[in-house]
Amino acid sequence: MTLRNHSTITEFILLGLSADPHIEALLFMLFLAIYLLTLMGNLVLLLVIMADSHLHTPMYFFLGNLSFLDLCFSSVTLPKLLENLLSEKKTISVEGCLAQVFFVFITAGAETFLLSMMAYDRYAAICRPLLYEQLMSNQFCVRLVLTSWGLAFLNAILIVLLAINLDFCEAQTIQHYTCELPSLFPLSCSDTSIDINILIYSILLQALGTFFLIFFSYLRIISTILNINSTTGRSKTFSTCSSHLIAVILFFGSGLVRYLMPTSGSSLDLLTSLQYSVVTPMLNPLIYSLKNKDMRAALERTLGNYL
């Protein structure tokens, strides 16, 4: 791919998380462990959902897709981070940087849409139980997932077009461990005000659209739960939503802070990125398996068949 406006810059330098070789060695071991746990946890969750017929329901269909997304999401940034932690020359090509920007947006975007669909699924199960099978048919669930990927793809294309049109003259040091569009704006020698506004409007449109569906779903869910007379019934009903609610807070909270706050090159930028792109994909399998009796039972059955 020929990039006319990157003629003077062929690669970027990623400063990473530390310049101390000893700390880098410790960080390499830490993030290697996180990556392996992420891969193992999400693969096990995905395989259990596919293998156990008791989990062939809309809720676990979405959860399986979430595990697949987390596998993809963590693989966009962590392998390059691990490579740079062992390398003296922490560089990434312009093309590789743009590819990271694209895949971060398509996986993260698909995940925001998927989390909102999971909230709607819980609303349908708790508030409209008699119509649940009609509302959440297999064909409808597949269309929802395909729509989430399609919308995320269109948004990622728009974001990459913004990045391609940036002019980079001399500055090539990214104050980050990965390529994210907010970190590229300070390096550009062209006017980025329009690009920044487009990014903010795009993020707000996507975040507010999905968050509104989540908020509406949980408003109705909470109202329904409060009308249940039994304390045990209320607790049991809410427990089916608590895992999803934790995942939403972890993902949306750090993601919105990263992309809506001005880039400062501070540790806050690094921490918020690590939270939504590294930590959350690792925690999701634990959140959904430890707090879910059906998942734990299915995991025991599946492991029992292979052991």
Side-chain angles (χ1 to χ4, degrees), residues 1-32 34-35 72-109 153 155-196 198-199 202-203 255 258-259 261-274 276-278 281:
M1 179 173 63
T2 302
L3 302 174
R4 59 173 180 78
N5 52 355
H6 295 293
S7 56
T8 58
I9 294 292
T10 59
E11 62 183 16
F12 294 111
I13 300 171
L14 296 168
L15 286 188
L17 301 174
S18 174
D20 187 322
H22 299 291
I23 295 178
E24 284 185 323
L26 292 174
L27 289 174
F28 175 81
M29 297 303 295
L30 172 64
F31 286 109
L32 178 61
I34 288 175
Y35 188 43
C72 297
F73 196 13
S74 60
S75 297
V76 172
T77 57
L78 271 175
K80 186 63 179 176
L81 171 59
L82 292 171
E83 177 190 335
N84 285 342
L85 286 172
L86 294 180
S87 175
E88 292 185 7
K89 190 180 181 183
K90 307 177 191 305
T91 59
I92 185 170
S93 67
V94 170
E95 290 80 5
C97 191
L98 293 177
Q100 270 199 346
V101 170
F102 174 79
F103 286 112
V104 163
F105 270 90
I106 193 172
T107 50
F153 176 79
N155 186 58
I157 289 292
L158 170 64
I159 298 303
V160 167
L161 290 177
L162 292 182
I164 288 176
N165 287 323
L166 294 175
D167 294 315
F168 301 104
C169 305
E170 296 179 1
Q172 60 180 137
T173 302
I174 298 176
Q175 305 284 332
H176 213 284
Y177 67 89
T178 187
C179 284
E180 289 182 337
L181 196 54
S183 298
L184 294 181
F185 285 142
L187 305 183
S188 177
C189 54
S190 56
D191 182 13
T192 60
S193 57
I194 295 178
D195 302 88
I196 292 173
I198 292 175
L199 175 64
S202 171
I203 296 295
R258 177 68 184 107
Y259 280 90
M261 295 292 288
T263 298
S264 60
S266 67
S267 57
L268 179 62
D269 293 341
L270 296 174
L271 289 174
T272 52
S273 293
L274 287 171
Y276 83 86
S277 66
V278 175

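Everything numeric in this text was worked out from a predicted model, so none of it was measured.
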Open item on the list: My understanding is that only residues two or more places apart in sequence, or in another chain, count here; which of them pass side chain to side chain contact (heavy atoms under 4.5 Å, CB included) with Ile196?
Closed with: Phe185, Thr192, Ile200

- [ ] Could you pull out all residues at least two apart from Thr91 that satisfy side chain to side chain contact (heavy atoms under 4.5 Å, CB included)?
- [x] Glu11, Ile13, Lys89

- [ ] Could you grab the distance from atom CD1 of Ile198 to atom CD1 of Ile159, nearest 0.5 Å is fine?
- [x] 8.5 Å

Open item on the list: So which atom in Gln100 and which in Cys179 form the shortest heavy-atom distance, rounded to 0.1 Å?
Closed with: OE1-N, 2.9 Å

TODO: Identify, with sequence neighbours excluded, every residue that meets side-chain hydrogen bond (donor to acceptor under 3.5 Å, both in side chains) alongside Asp195.
DONE: none

Open item on the list: Side chains of Thr77 and Leu81, heavy atoms from C-beta outward: is any pair under 4.5 Å?
Closed with: no

Open item on the list: Please give me the minimum heavy-atom distance between Thr107 and Val104, naming the atom from each residue.
Closed with: OG1-O, 3.3 Å

TODO: Kindly compute the distance separating CG (Leu82) from CE (Met29), expressed to the nearest 0.5 Å.
DONE: 10.5 Å

- [ ] With sequence neighbours excluded, tell me which residues meet ring pair (Phe, Tyr, Trp, His ring centres under 6.0 Å) with Tyr177.
- [x] none

TODO: For Leu86, enumerate each residue passing the side chain to side chain contact (heavy atoms under 4.5 Å, CB included) test, keeping only those at least two apart in sequence or located in another chain.
DONE: Phe28

TODO: Step through the shown structure and confirm whether more than 12 heavy atoms of other residues, nucleotides or ligands are within 6.0 Å of CZ on Phe102.
DONE: yes

Open item on the list: Can a donor-acceptor pair be found, under 3.5 Å and without considering hydrogens, that links the side chain of Ser87 to the backbone of Glu83?
Closed with: no

Open item on the list: If you count every heavy atom of other residues, nucleotides or ligands that lies below 6.0 Å from Leu32 atom CG, does the total exceed 12?
Closed with: yes

- [ ] Measure the spacing between CG of Leu85 and CG of Leu30 and express it to the nearest 0.5 Å.
- [x] 9.5 Å

Open item on the list: To check you understand the geometry: which heavy-atom pair defines the closest contact between Val101 and Leu181, and what is its length?
Closed with: CG2-N, 4.3 Å

Open item on the list: Against Phe73, only a single residue in Phe105, Phe103, Tyr276 fulfils ring-ring contact (aromatic ring centres under 6.0 Å, His included); can you say which?
Closed with: Tyr276

Task: side chain to side chain contact (heavy atoms under 4.5 Å, CB included) partners of Ser75, counting only residues at least two apart - done: Tyr35, Leu39

Open item on the list: When you measure from the side chain of Lys90 to the backbone of Leu14, do you find a donor-acceptor pair of N or O atoms at a distance under 3.5 Å?
Closed with: no

Task: Closest non-hydrogen atom pair between Ser74 and Pro281, with its separation - done: CB-CB, 4.4 Å

Open item on the list: For Val160 versus Leu98, what's the shortest heavy-atom pair and its separation?
Closed with: CG2-O, 4.1 Å

Task: Non-hydrogen side-chain atoms of Ser277 and Thr178 separated by less than 4.5 Å - done: no

